[in-house]
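Every chain is numbered from 1 and lettered A, B, ... according to where its sequence line falls, protein lines coming before strand lines.
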Amino acid sequence: MSINEIRDDFPFFKDNKLIYLDSGATAQKPQVVLDVMHDYYTKYCANIHRAAHGLGNHATKEYEDARQKVADFLNAKKKDEIVFTSGATSSINLVAYGFVKDNFEHVIISGLEHHSNIIPWQITEKALHVIDSKEDLSVDLEHFKSLLKKYPKSFVTLTQTSNAFGITLPIKEMTELAHQYGCKVLVDAAQSAVHTKVDVQDLDADFLVISAHKLYGPTGIGALYIKKDLHELCKAFQGGGGAIKEVTYKNTLFMPIPYMYEAGTQHIAGAIGFAKALEYIDTIGFDFIQKHEKELIDYAYENLLHVKDVITYGDTLNATGNISFNIQGIHHQDLGILLDKQKVQVRVGHHCVQPTMQSLGVEGTVRISFGVYNTVKDVAVFFAALKRSIEMIKA
Amino acid sequence: MSINEIRDDFPFFKDNKLIYLDSGATAQKPQVVLDVMHDYYTKYCANIHRAAHGLGNHATKEYEDARQKVADFLNAKKKDEIVFTSGATSSINLVAYGFVKDNFEHVIISGLEHHSNIIPWQITEKALHVIDSKEDLSVDLEHFKSLLKKYPKSFVTLTQTSNAFGITLPIKEMTELAHQYGCKVLVDAAQSAVHTKVDVQDLDADFLVISAHKLYGPTGIGALYIKKDLHELCKAFQGGGGAIKEVTYKNTLFMPIPYMYEAGTQHIAGAIGFAKALEYIDTIGFDFIQKHEKELIDYAYENLLHVKDVITYGDTLNATGNISFNIQGIHHQDLGILLDKQKVQVRVGHHCVQPTMQSLGVEGTVRISFGVYNTVKDVAVFFAALKRSIEMIKA
Amino acid sequence: MEETVYNYKEDFELFDDDMDKYEYIIDLGKKSVTLNEADKNETNKIKGCQSSVWFVVRKVDDKLFFDTDGDTVIVKGLAFILAQIYSNHTPQEILDFDREKLKILNLDEIISPVRQNGFTSMLNAIYARAKEEL
Amino acid sequence: MEETVYNYKEDFELFDDDMDKYEYIIDLGKKSVTLNEADKNETNKIKGCQSSVWFVVRKVDDKLFFDTDGDTVIVKGLAFILAQIYSNHTPQEILDFDREKLKILNLDEIISPVRQNGFTSMLNAIYARAKEEL
Ligand SMILES: Cc1ncc(COP(=O)(O)O)c(C=O)c1O
Ligand SMILES: Cc1ncc(COP(=O)(O)O)c(C=O)c1O
């Protein structure tokens, strides 16, 4: 397999000459993903679960097969541990309302969480405890332990990989620790799952969330893994069609999870496209992905070292999927604008981690993030454009 | 414009020979809708709002234009009265959690509501009051008034058209009455908006919900109209990226509506496809749609009258978009199976209105529902297949 | 049991048209016994079907006999076929019979599989009862 | 004001390459006054921009003068251009000047428009201050 072959799978790269280094925000989609959605819309478009006709059964089968595919991808034991949601954010909110709200008072998070893993806990009025980060932005495990001691049986929720700094947390170790203190653990794999094999059994996660659009899949769909043992403790969240056994005006009997959490017409095309995207990742394989992306990171790191006045954050050399930096004396927004004009698409700003930025004393950074389709040449073009931008500003 | 021309717009009808009479569950999609989504995915796929690059701005512009299109379609005064959601069900749940939960104790509904407009009120623990239906299933306005008198300042939420019986409620009149008693009103236009012009200003609705997939649009996207005057009273619901002005660990400052309610990466492709579907409806025009669909209903009604032992519900002759019936002595599921085998796709069952079915003393019905692409011949084929099914069972 | 399965398979093969197969199943549904209302109770009801189906088990000597009924005539016919296959056998014989062997009849496609597969539910019920009666 | 707009338009037209235009704007950003910290306060800050921009208004005789500053040099350059266009005019003259006339400069495309359009916010601020000073 060559990167050029991979790039050919993505129509986006045929149609334009942009350097896309913003896959951390959303990834491009391979043609096969678009094709299966097109097939649904043109060949067997029907609503699922409720219909007694052939079309509806076909759609239902594909949708449930998609659930199985997500389960396999995450190595869940059973397919009914997988709930389709509209994305990682809605997955986390579902857990906040359906599980944490009534069962916990304290929520422990890392210092690198995305807003989507902070605000739901504020809305549900939990006491939020933030694990200290060390100088290199890695989690302070001693402080984590002290929080666990102080707040046992709390809810722990951690990003596996920081979307802003590419830092990967020792999730398995932290989950084990948290479990020792009777905590339940949610893993936010929104950013990590596209770069590394995520195995819910190996991590022993109680909940885990992903978004399709960051996994080369469509927009508007994500998944939530809920460990089977916890299904009984989960309460209904949103109510509507398809999620029920029996409804009277007095009372509703819900279906078991996952159906209880899939009220209303689901994003059927999205689920089907999502599954295809995961299949696509499987055909490439994480061995290849990790080797290739490591190459990109290494190359970027090396180049970054030679940029004058560069400020990096954390252990950039071992970053996963993305690298963040600033240039002393230059505003990241200026760089974003000038890079854009040079047809290099990166992300500048707070990357939805304002509290982390506050703790670093910055407003934002320039972030480059990779997909499997990026080449060393992409990175080289980026650095050339960065150099020109800096020169223009510093001139 | 001819129906054949319209049918040609829908690839579904090229690829198979099915008679599709289940548009009430989900409608087929015209090629133009699939094309604009494909364009997004292949030409300017990027995340919205947060990016400072050209791609992201392009996507943001299309997404915000889509919002404007929905606003225009519903005749909302301002585009920020439109929130994108994942469907009608999630729109109603949003109102339940974000507005009704803390502001109301009593919720008044009609006797024809979809589960999606019943269960959210049970989950948020409201006292539910059901307006009596008359013999012909129309709402008993006198009873409505007495409920309003008894429970002024409550939340009134009504389907505009019943998805199970095609009955249309006098929403404008009921909204006016409800407002006289200080109530706020949600209109569930999930089923009606594809058949009749929905004008939020004319109806004077406070909230109104629709689903794209029933409007010839994609799955996984819907919209919620929130009257501007009420924005101040709405509270945050789901938290996440994109919905905020400023986040600290202590506190979050939200953006105004609609952004406050659009946390996380949105269904960008879906919004763009949704807007295109509404444009498609506009090009056909409701004059044409209503005239044509009335013809289908009339023809179906006439045929139904001649079916032996048929049981209809309510004022079938004036039904909007769908007709429900049973055959004395035959289970609707048997009919569903046999019709399916004859390549006629209808829906049988409780249609997510179990409480209404209970009040009628039935478990379910056979429902045929129409899209603008259906022909009189479709209806004729359906009746031939129905006749054969009945004969097989009664033989 | 295998023989009964093969007999049905031969019967089914006579039909060129799918609709004829349904006619046949409907016929079986009509011919099959109708349970009295008392037997149509929650205990005998099969969980997980879209419509109501009941299985009553009788034990005569060592052998089990299934009487079935249902709301819908097609499901009733299907239940009848299962009853024919599994009746008049000992619990052990039933448990020893590999349900995979039913696959050749494609019975699960008769009633369109929705989320809860009614056909599988009926089969599960048969094996569960056989186990109880061991 | 219209004259200043046309002067800028002529300047912009000299650039074959978009990047040269940015070089020019960056240059303006650097040349423009830098406000002292006290003036960079919440009152003078323009709401609705992604980065921080400040506009200080001075009134000399009947005329308004705008001093601007910003976090990012490109936005600062842009603010400077606006200040040049609108400074040295009476409030009434400013209010009478149709902002549509700026369109030919395509200034709003300089800083990529995100949800809150920073360029519009700056313009709004100018007109609001002019109104106050009437
Ligand atoms: C009247 C009515 N309300 C609400 C809904 C729920 O819509 P959705 O499933 O798209 O959320 C439906 C769809 O079945 C409906 O017909
Ligand atoms: C670490 C992390 N968590 C959560 C999210 C939210 O994902 P989504 O916007 O798809 O809901 C993101 C995406 O930006 C992320 O990177």
Side-chain angles (χ1 to χ4, degrees), chain A residues 16-22 25-26 89 115 164 308-309 311 325-354 357-358 360-367 381-395, chain D residues 11-12 14-32 34-35 37 40-42 45-54 68-82 105-122:
Chain A
N16 65 54
K17 296 272 157 283
L18 294 171
I19 305 290
Y20 190 72
L21 293 171
D22 197 18
T26 202
T89 300
H115 291 165
K308 200 164 163 277
D309 295 334
I311 307 166
F325 66 90
N326 267 308
I327 307 293
Q328 187 76 47
I330 296 185
H331 198 284
H332 53 271
Q333 300 276 4
D334 282 328
L335 292 175
I337 292 170
L338 294 178
L339 287 165
D340 177 45
K341 288 293 147 190
Q342 293 170 85
K343 303 212 177 308
V344 178
Q345 313 281 285
V346 304
R347 190 142 166 239
V348 297
H350 56 64
H351 315 305
C352 296
V353 295
Q354 283 188 354
M357 294 294 170
Q358 285 150 19
L360 292 171
V362 297
E363 246 182 69
T365 66
V366 180
R367 179 188 78 177
V381 172
F382 161 74
F383 275 102
L386 178 67
K387 193 161 163 249
R388 182 164 178 201
S389 308
I390 295 173
E391 280 165 4
M392 276 173 70
I393 297 170
K394 291 216 165 164
Chain D
D11 284 358
F12 285 178
L14 293 177
F15 308 127
D16 294 334
D17 184 355
D18 233 20
M19 289 304 273
D20 294 337
K21 183 160 125 190
Y22 277 88
E23 218 145 26
Y24 174 77
I25 291 168
I26 289 170
D27 231 49
L28 293 181
K30 288 189 193 157
K31 278 203 317 220
S32 78
T34 298
L35 297 176
E37 291 304 312
K40 294 187 187 174
N41 56 33
E42 280 305 306
K45 196 168 174 173
I46 309 291
K47 272 153 206 65
C49 287
Q50 286 249 313
S51 58
S52 302
V53 197
W54 297 270
T68 57
D69 203 346
D71 266 0
T72 96
V73 67
I74 295 173
V75 176
K76 199 173 164 187
L78 198 63
F80 178 78
I81 292 175
L82 289 178
L105 294 180
N106 279 333
L107 292 176
D108 50 345
E109 285 181 10
I110 300 282
I111 47 171
S112 317
V114 278
R115 188 189 297 163
Q116 294 155 308
N117 193 318
F119 177 71
T120 309
S121 303
M122 288 190 255

Starting from the C-alpha separation in whole Å, work towards a yes-or-no answer on side chain to side chain contact (heavy atoms under 4.5 Å, CB included) for A:D334 and D:D71. CA-CA 9 Å; A:D334 282 328; D:D71 266 0; over 6 Å; no

Result block: side-chain N/O donor-acceptor pairs under 3.5 angstrom for residues 387-395 of chain A, not counting sequence neighbours:
from	atom 1	to	atom 2	distance (Å)
A:S389	OG	A:Q342	NE2	3.0
A:S389	OG	A:A385	O	2.7
A:K394	NZ	A:D309	OD2	2.6

Euclidean distance, D:S52 OG relative to A:Q333 CD, rounded to 0.5 Å: 10.0 Å

Just wondering, are more than 12 heavy atoms of other shown residues or ligands nearer than 6.0 Å to NZ in A:K343? no

Would you say CG of D:D17 has more than 12 non-hydrogen atoms from neighbouring residues, nucleotides or ligands within 6.0 angstrom? yes

Would you say D:I26 and A:L338 make side-chain contact, with heavy atoms under 4.5 Å? yes

